Engineer: 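One structure, as structure tokens, below. Some questions next.
Numbers here simply count residues along the sequence, with the first being 1. Values in this document were obtained by computation on a predicted structure and should not be read as measured data.
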Amino acid sequence: MKEFDDFVKQQQKEFDDFVSEQNKEFAEFLKETWKEYDLQKPVARPQRPEPVKPVSFDHKKPATKPQEVKVGEVTRLPIPTVTPSATFSPSKGKTQVPVVPGGKDVAVEPEKDFAVLPEIKPEVKPEETVPAKRSLSGVEFSFYSKDCVVNASLKNRLTLKGIAEKDISAGWETLSRSNYQPLIDDCLAFKKDNALNDYGYLLLTRKVATELCGSTHSDEIALMQMFLLSQSGYRVKVARMDNRLTLFYASGNMIYATCFITLNGVNYYRFDTTPNKTNSIYTYNRDFANAKNPVNMNITTPQPFSGTYVEKTLQAKAYPSVKVCSKVNSGLISFYKDYPQCDFSVYVGAPVSQEVQQTVLPSLQAAIQGKNNRKPLIY
């Protein structure tokens with residue numbers, strides 16, 4: 001057992017040394033002169049296409065006489081004749097092949113029919129995941145009415161003298177030399193326990209950075225959030241724009257009404273929503289070595305936020321007898337208000353909350369019960 005523990009400690013030490021070296025290299029890289037880039041204009045959200053208007057028949061307009069359509073003569077193509085090969089003579093159980101000069105006739109045995117057996121796959125047992133350790137005390141705050149506690153090791157740890165390259169490098173070096181891993185573990189554990197999607201994690205790290213740096217220190221907040229996301233494996237970067245720092249994140253999803261830059265074929269979208277005064281920014285063309293993941297905007301699991309419930313009764317105008325009482329969590333409403341505009345498939349693919357399933361679906365099921373296949377579509 002002692003040998004195994006020593007092996008685990010050695011592996012952890014090698015990994016920590018590797019990450020430490022990556023942090024040093026990235027801090028040196030941030031000292032280099034940043035390049036100027038032009039912001040791409042936000043892509044406008046596609047408008048819903050209106051249905052095609054039907055062609056109206058004008059009774060006053062005289063009808064045109066039918067015209068005869070002349071068809072040309074049909075040309076018949078000759079059917080080719082197939083002459084059987086002289087060297088092919090099927091025989092019982094054997095097939096003769098052409099005689100090769102200097103060789104001998106070879107009789108090929110017909111292939112036997114084998115029953116196709118189903119592929120036997122080994123039984124895959126689900127991996128047992130060890131629950132992440134959470135800090136019992138530290139910085140406490142509310143995230144969309146959900147209580148959260150994270151490690152306070154980086155509380156008031158970051159202070160920037162400016163936003164020049166050397167200042168950003170010094171800030172990264174200060175954070176990377178601290179005991180930041182418990183904070184990263186707390187953030188990732190909260191993400192896992194609450195089934196946050198990637199953009200929800202971006203919002204969480206912004207809230208954490210604000211609590212650690214103070215709401216009035218916008219430059220420190222941007223760099224702190226970039227550090228947390230980079231150490232969590234996400235492709236993000238800070239840029240200098242309008243004499244302040246702002247965060248950009250990589251995503252494979254199309255995000256509308258948001259300015260972005262394209263680096264190496266990848267779109268980096270601006271996280272902040274404050275209006276920008278200029279379209280020129282300064283940043284670097286490289287991500288942190290351990291940051292490999294773009295931000296996935298899809299929502300695959302219900303987002304379980306807390307808060308008071310908002311109830312509303314909806315009634316169909318065409319069918320006054322159909323009434324639906326909806327019940328939605330206020331925290332979830334706030335979350336979707338802060339969500340950027342994406343493709344319609346992102347919202348259609350997002351599962352509804354348990355409250356909506358329990359309040360809306362029973363009313364709709366009762367309204368369409370006994371109807372044909374076309375009638376429920378009208379509702």
Engineer: Once side-chain contact (heavy atoms from CB on, under 4.5 Å) is applied, do any residues pair with Asp287, and if so which ones, sequence neighbours excluded?
Structural biologist: Arg235, Lys237, Tyr268
Engineer: Judged by atom type as modelled, is there a donor-acceptor pair below 3.5 Å linking the side chain of Ser334 to the main-chain atoms of Ser330?
Structural biologist: yes
Engineer: Have Asp338 and Tyr144 got a donor and an acceptor in their side chains that come within less than 3.5 Å?
Structural biologist: yes
Engineer: I would like to know whether Ser345 and Asp343 meet side-chain hydrogen bond (donor to acceptor under 3.5 Å, both in side chains); could you show each step before the answer?
Structural biologist: CA-CA 5 Å; Ser345 59; Asp343 284 326; 5.0 Å; no
Engineer: Quick check on the hydrophobic clustering: are Tyr249 and Met254 connected, directly or via other members, by side-chain heavy-atom contacts under 4.5 Å?
Structural biologist: yes
Engineer: I'd like to check the side-chain contact (heavy atoms from CB on, under 4.5 Å) partners of Val328; sequence neighbours left out, ordered by chain and number.
Structural biologist: Ile333, Val356
Engineer: Which ILVMFWY residues are connected to Tyr309, directly or by a chain of links, through side-chain heavy atoms under 4.5 Å apart?
Structural biologist: none
Engineer: Suppose we screen for side-chain contact (heavy atoms from CB on, under 4.5 Å). Which residues come up paired with Asn293, at least two apart in sequence or across chains?
Structural biologist: Tyr234
Engineer: Taking ring pair (Phe, Tyr, Trp, His ring centres under 6.0 Å) as the definition, give me every residue that meets it alongside Phe260, ordered by chain and number, with sequence neighbours left out.
Structural biologist: Tyr269
Engineer: Remaining members of Val348's ILVMFWY cluster at a side-chain heavy-atom cut-off under 4.5 Å?
Structural biologist: Phe344
Engineer: Sort out for me which residue in Val139, Leu175, Leu188, Leu212 forms a side chain to side chain contact (heavy atoms under 4.5 Å, CB included) with Leu183.
Structural biologist: Leu212
Engineer: Report yes if the side chains of Asp198 and Lys191 come closer than 4.5 Å at any heavy-atom pair, otherwise no.
Structural biologist: yes
Engineer: Do Trp172 and Phe29 have ring centres separated by under 6.0 Å?
Structural biologist: no
Engineer: Would you compute the distance between atom CD1 of Ile168 and atom CE of Met226 and round it to the nearest 0.5 angstrom?
Structural biologist: 8.5 Å
Engineer: With Asp242, which residues qualify under side chain to side chain donor-acceptor pair (under 3.5 Å), at least two apart?
Structural biologist: none
Engineer: Does Val208 form a side-chain contact (heavy atoms from CB on, under 4.5 Å) with Cys187? I'd like the steps, not just the answer.
Structural biologist: CA-CA 8 Å; Val208 171; Cys187 293; 4.1 Å; yes
Engineer: Should Cys325 and Thr313 be marked as a side-chain contact (heavy atoms from CB on, under 4.5 Å) after you check the CA-CA gap, both sets of side-chain angles, and the distance that decides it?
Structural biologist: CA-CA 4 Å; Cys325 297; Thr313 301; 3.7 Å; yes
Engineer: Indicate whether the side chain of Tyr37 and that of Thr283 have a donor and an acceptor atom separated by less than 3.5 Å.
Structural biologist: no
Engineer: So, using side chain to side chain donor-acceptor pair (under 3.5 Å) as the criterion, who are the partners of Thr246 when residues are at least two apart?
Structural biologist: Arg270, Asp272
Engineer: Is the side chain of Asp219 donor-acceptor paired with the backbone N or O of Leu245 at a distance under 3.5 Å, no angle test?
Structural biologist: yes
Engineer: With a 4.5 Å cut-off on side-chain heavy-atom distances among I, L, V, M, F, W and Y, is there a chain of contacts connecting Ile299 to Tyr256?
Structural biologist: yes
Engineer: Does Gly200 offer a backbone N or O that forms a donor-acceptor pair with the side chain of Tyr339 under 3.5 Å?
Structural biologist: no
Engineer: Just by modelled atom types, is the Ala289 backbone N or O under 3.5 Å from a matching donor or acceptor in the Lys292 side chain?
Structural biologist: yes
Engineer: Please tell me whether Asn264 and Asn285 have a donor and an acceptor in their side chains that are separated by less than 3.5 angstrom.
Structural biologist: yes
Engineer: Taking Asn276 for its side chain and Thr278 for its backbone only, find out whether a donor-acceptor pair lies under 3.5 Å.
Structural biologist: yes
Engineer: Among residues at least two apart in sequence or on other chains, which ones pass salt bridge (charged side-chain N to carboxylate O under 4.0 Å, His left out) with Glu220?
Structural biologist: none
Engineer: Would you find a donor on one side and an acceptor on the other, under 3.5 Å apart, between the side chain of Ser230 and the backbone of Phe227?
Structural biologist: no
Engineer: Please find out if less than 6.0 Å separates the ring center of Phe190 from that of Tyr201.
Structural biologist: no
Engineer: Please examine the side chains of Asn329 and Ser353, heavy atoms only from C-beta on, and report whether any two atoms are closer than 4.5 Å.
Structural biologist: no
Engineer: Can you name the residues that form a side chain to side chain donor-acceptor pair (under 3.5 Å) with Tyr199, not counting sequence neighbours?
Structural biologist: none
Engineer: Do the ring planes of Phe305 and Phe335 sit parallel (below 30°), tilted (30 to 60°) or perpendicular (above 60°)?
Structural biologist: tilted
Engineer: For Glu165, is there an ion pair with Arg240 - N to carboxylate O distance below 4.0 angstrom?
Structural biologist: yes
Engineer: Under the rule for side-chain contact (heavy atoms from CB on, under 4.5 Å), what residues qualify as partners of Lys312, not counting sequence neighbours?
Structural biologist: Leu314, Ser326
Engineer: Excluding sequence neighbours, so at least two apart, what forms side chain to side chain donor-acceptor pair (under 3.5 Å) with Lys31?
Structural biologist: Glu28
Engineer: Check the pair Thr210, Ile221 against side-chain contact (heavy atoms from CB on, under 4.5 Å), reporting the backbone distance first and the verdict last.
Structural biologist: CA-CA 6 Å; Thr210 303; Ile221 291 174; 3.8 Å; yes
Engineer: When you compare the side chains of Gln231 and Asn23, does any donor N or O come within less than 3.5 Å of an acceptor on the partner?
Structural biologist: yes
Engineer: Say whether, by atom type as modelled, one donor and one acceptor occur between the side chain of Asp38 and the main chain of Ser280 under 3.5 angstrom.
Structural biologist: no
